[in-house]
Enquirer: 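Attaching a single structure in structure tokens format; questions to follow.
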Amino acid sequence: IRTYAKDSAGKSAMKDFSLTATAPTFTNNTTVNKTNIKVGEIVTVKGAASNGNGSYSYEFYYRRSTVNTWTKFDSNGKGIFQPGSAGTFYIRTYAKDSSGKSAVKDFTVTATAGTLTNKTTVSKTSFTVGDTIVVAGGASGGNGNYSYEFYCQREGASSWTKFGSDGLGTFSPRSAGSFFIKTYAKDSAGKVGIKEFALTAK
């Protein structure tokens, strides 16, 4: 940049400046909804990035802290991670833009086991709008009788809706989308086991 200053007598002075423009750093903004869970709970991973060129693509991997091998689990920028046992797990995410730039972001997830195991089942997790999903309560490792509560939520919603009774529930969404079902199993001693399911209605 060159600047000139001139007074009323015609005297002038010049001053130059050098500017360096740098491109913003490509950033991986992927998120997880929680990092401390009970065994059976779902961790939702959502890909996001900024300052790249064109469209973005994502890859998600996980591994147990005691294992060196990574396992891929992503799908179109979204991933569901649900450890089947207690322990510390690492999630590694990659974001890439159309020009080939990439960025890595890591997360640590801790899964804690309880003595009561929620063994609730759903009849299917991928289905056509109008189908009915049957949720059947089940549990083991607790004391006395078990009771159950089932809740559903559309992805992105802020509230949960309770459904079902006596350990049995049906779920039939009226439109396509992704849904979550959260189930609670409780024994006579007050211990609670949680199990979540991710459902897709097409």
Side-chain angles (χ1 to χ4, degrees), residues 28-50 54-64 70-85 87 89-98 105-111 117-139 148-185 192-202:
N28 185 337
N29 298 321
T30 297
T31 60
V32 298
N33 65 330
K34 47 194 169 185
T35 56
N36 290 285
I37 62 173
K38 298 291 185 183
V39 173
E41 288 188 286
I42 288 173
V43 176
T44 304
V45 187
K46 292 185 178 181
S50 58
S55 59
Y56 302 131
S57 61
Y58 307 93
E59 291 185 357
F60 307 147
Y61 298 81
Y62 78 89
R63 70 176 176 89
R64 184 181 286 273
W70 293 90
T71 301
K72 187 176 180 180
F73 69 99
D74 69 295
S75 176
N76 298 322
K78 291 196 302 183
I80 297 296
F81 175 61
Q82 187 178 30
S85 59
F89 299 84
Y90 302 128
I91 293 177
R92 174 159 292 177
T93 69
Y94 295 87
K96 188 176 181 180
D97 72 1
S98 298
K105 189 173 183 181
D106 291 337
F107 302 91
T108 300
V109 174
T110 302
T117 301
N118 185 335
K119 293 187 174 181
T120 297
T121 60
V122 297
S123 54
K124 49 188 170 183
T125 57
S126 182
F127 54 95
T128 303
V129 172
D131 288 352
T132 297
I133 307 305
V134 178
V135 185
Y148 306 94
E149 290 184 1
F150 307 146
Y151 296 84
C152 63
Q153 179 191 68
R154 178 181 285 274
E155 183 181 28
S158 59
S159 60
W160 293 83
T161 301
K162 186 176 180 180
F163 70 99
S165 61
D166 299 325
L168 191 66
T170 57
F171 174 66
S172 183
R174 299 176 180 177
S175 59
S178 297
F179 300 84
F180 297 106
I181 289 180
K182 180 176 286 189
T183 69
Y184 296 85
V192 178
I194 301 172
K195 189 174 184 180
E196 296 181 3
F197 302 90
L199 280 64
T200 302
K202 300 178 182 179

Enquirer: According to the salt bridge (Lys or Arg N to Asp or Glu O under 4.0 Å) rule, which pairs have a member within residues 118-136, sequence neighbours left out?
Expert: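 Passing the test, one end in residues 118-136: Lys124-Asp131.
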Enquirer: Hey, mind stepping through Lys34 and Glu196 against salt bridge (charged side-chain N to carboxylate O under 4.0 Å, His left out) and telling me if it holds?
Expert: CA-CA 13 Å; Lys34 47 194 169 185; Glu196 296 181 3; 3.1 Å; yes
Enquirer: Do Ile181 and Phe171 come close enough that some side-chain heavy atom pair is under 4.5 Å?
Expert: yes
Enquirer: Is there a side-chain contact between Thr125 and Thr200, using heavy atoms and a 4.5 Å cut-off?
Expert: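 Sidechains of Thr200 and Thr125: no contact.
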Enquirer: Of all heavy-atom pairs between Pro173 and Phe179, which one has the smallest distance, and what is that distance?
Expert: CB-CZ, 3.5 Å
Enquirer: Hey, are Glu155 and Lys78 close enough for a salt bridge, meaning a charged N less than 4.0 Å from a carboxylate O?
Expert: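 Counted as a salt bridge, because a side-chain N and a carboxylate O are separated by less than 4.0 Å.
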Enquirer: Considering only heavy atoms from C-beta outward, does the side chain of Leu168 approach that of Val134 to under 4.5 Å?
Expert: yes
Enquirer: Does the side chain of Ile91 come within less than 4.5 Å of Val45's, by heavy atoms?
Expert: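 Yes - at least one pair of side-chain heavy atoms lies under 4.5 Å apart.
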Enquirer: Can the ring centroids of Phe60 and Tyr94 be said to lie less than 6.0 angstrom from one another?
Expert: no
Enquirer: Can you tell me how far CZ of Arg154 sits from OG of Ser178, rounded to the nearest 0.5 angstrom?
Expert: 8.5 Å
Enquirer: Can you list every pair that meets side chain to side chain donor-acceptor pair (under 3.5 Å) and has a residue in residues 160-174, with sequence neighbours left out?
Expert: none
Enquirer: Looking only at heavy atoms, which two atoms of Thr120 and Phe197 are closest? And how far apart?
Expert: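 Closest pair (atom of Thr120, atom of Phe197, distance): O-CZ, 3.1 Å.
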Enquirer: Do you know the tightest heavy-atom contact between Gly138 and Asn118?
Expert: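 Closest approach of Gly138 to Asn118: O-OD1, 3.4 Å.
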Enquirer: When you measure from the side chain of Asn28 to the backbone N and O of Thr93, does any donor-acceptor pair fall under 3.5 Å?
Expert: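 Here the side-chain-to-backbone pair exists.
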Enquirer: Write down the atom of Ala139, the atom of Tyr148, and the distance for their closest heavy-atom approach.
Expert: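 Shortest heavy-atom separation between Ala139 and Tyr148 comes out as N-OH, 3.5 Å.
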Enquirer: Would you name the heavy atoms of Asn33 and Thr44 that are closest together and state the gap between them?
Expert: OD1-N, 2.8 Å
Enquirer: Report the C-alpha distance between Thr183 and Ile194 in whole Å, list the side-chain angles of each, state the deciding distance to 0.1 Å, and finish with yes or no for side-chain contact (heavy atoms from CB on, under 4.5 Å).
Expert: CA-CA 6 Å; Thr183 69; Ile194 301 172; over 6 Å; no
Enquirer: What orientation do Phe81 and Phe73 show, parallel under 30°, tilted 30 to 60°, or perpendicular over 60°?
Expert: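 It falls in the tilted class, 30° to 60°.
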Enquirer: Taking it one step at a time, do Phe163 and Cys152 satisfy side-chain contact (heavy atoms from CB on, under 4.5 Å)?
Expert: CA-CA 7 Å; Phe163 70 99; Cys152 63; 3.8 Å; yes
Enquirer: With rounding to the nearest 0.5 angstrom, report the OG to CD distance, Ser158 to Gln153.
Expert: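 Interatomic distance, Ser158 OG to Gln153 CD, rounded to 0.5 Å: 7.5 Å.
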Enquirer: Please round to the nearest 0.5 Å and tell me the distance separating atom OG1 of Thr30 and atom CG of Asp106.
Expert: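 Output value for this atom pair is 10.5 Å.
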Enquirer: Can you tell whether the side chains of Glu41 and Lys195 come within less than 4.0 Å, N to carboxylate O?
Expert: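 Answer for the salt bridge query: no.
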Enquirer: How many angstroms lie between NZ in Lys105 and OG1 in Thr31, if you round to the nearest 0.5 Å?
Expert: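 The OG1 atom of Thr31 is 7.0 Å from NZ of Lys105, to the nearest 0.5 Å.
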Enquirer: Minimum heavy-atom separation for Tyr56 and Ala49, please, with both atom names.
Expert: CE1-O, 3.4 Å
Enquirer: Parallel, tilted or perpendicular: which describes the rings of Tyr151 and Tyr184, with under 30° parallel and over 60° perpendicular?
Expert: perpendicular
Enquirer: Kindly indicate whether the side chain of Val32, heavy atoms from C-beta on, has any atom under 4.5 Å from the side chain of Val109.
Expert: no
Enquirer: Measuring only between side-chain heavy atoms, which start at C-beta, is Lys202 closer than 4.5 Å to Ser126?
Expert: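 Yes, close enough: below the 4.5 Å cut-off.
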Enquirer: Go through the structure and list residues passing side-chain contact (heavy atoms from CB on, under 4.5 Å) with Ala48, not counting sequence neighbours.
Expert: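 Asn29.
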Enquirer: For a 4.5 angstrom cut-off between non-hydrogen side-chain atoms, does Thr110 reach Thr35?
Expert: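 No, too far: nothing below the 4.5 Å cut-off.
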Enquirer: Can you find a heavy atom in the side chain of Glu59 that is under 4.5 Å from one in the side chain of Tyr61?
Expert: yes
Enquirer: Decide if atom CZ of Phe89 counts as having more than 12 heavy atoms of other residues, nucleotides or ligands within a radius under 6.0 Å.
Expert: yes
Enquirer: Measuring from atom CZ of Arg92 to atom CZ of Arg63, what distance do you get when rounded to the nearest 0.5 angstrom?
Expert: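 Reported value, rounded in 0.5 Å steps: 7.5 Å.
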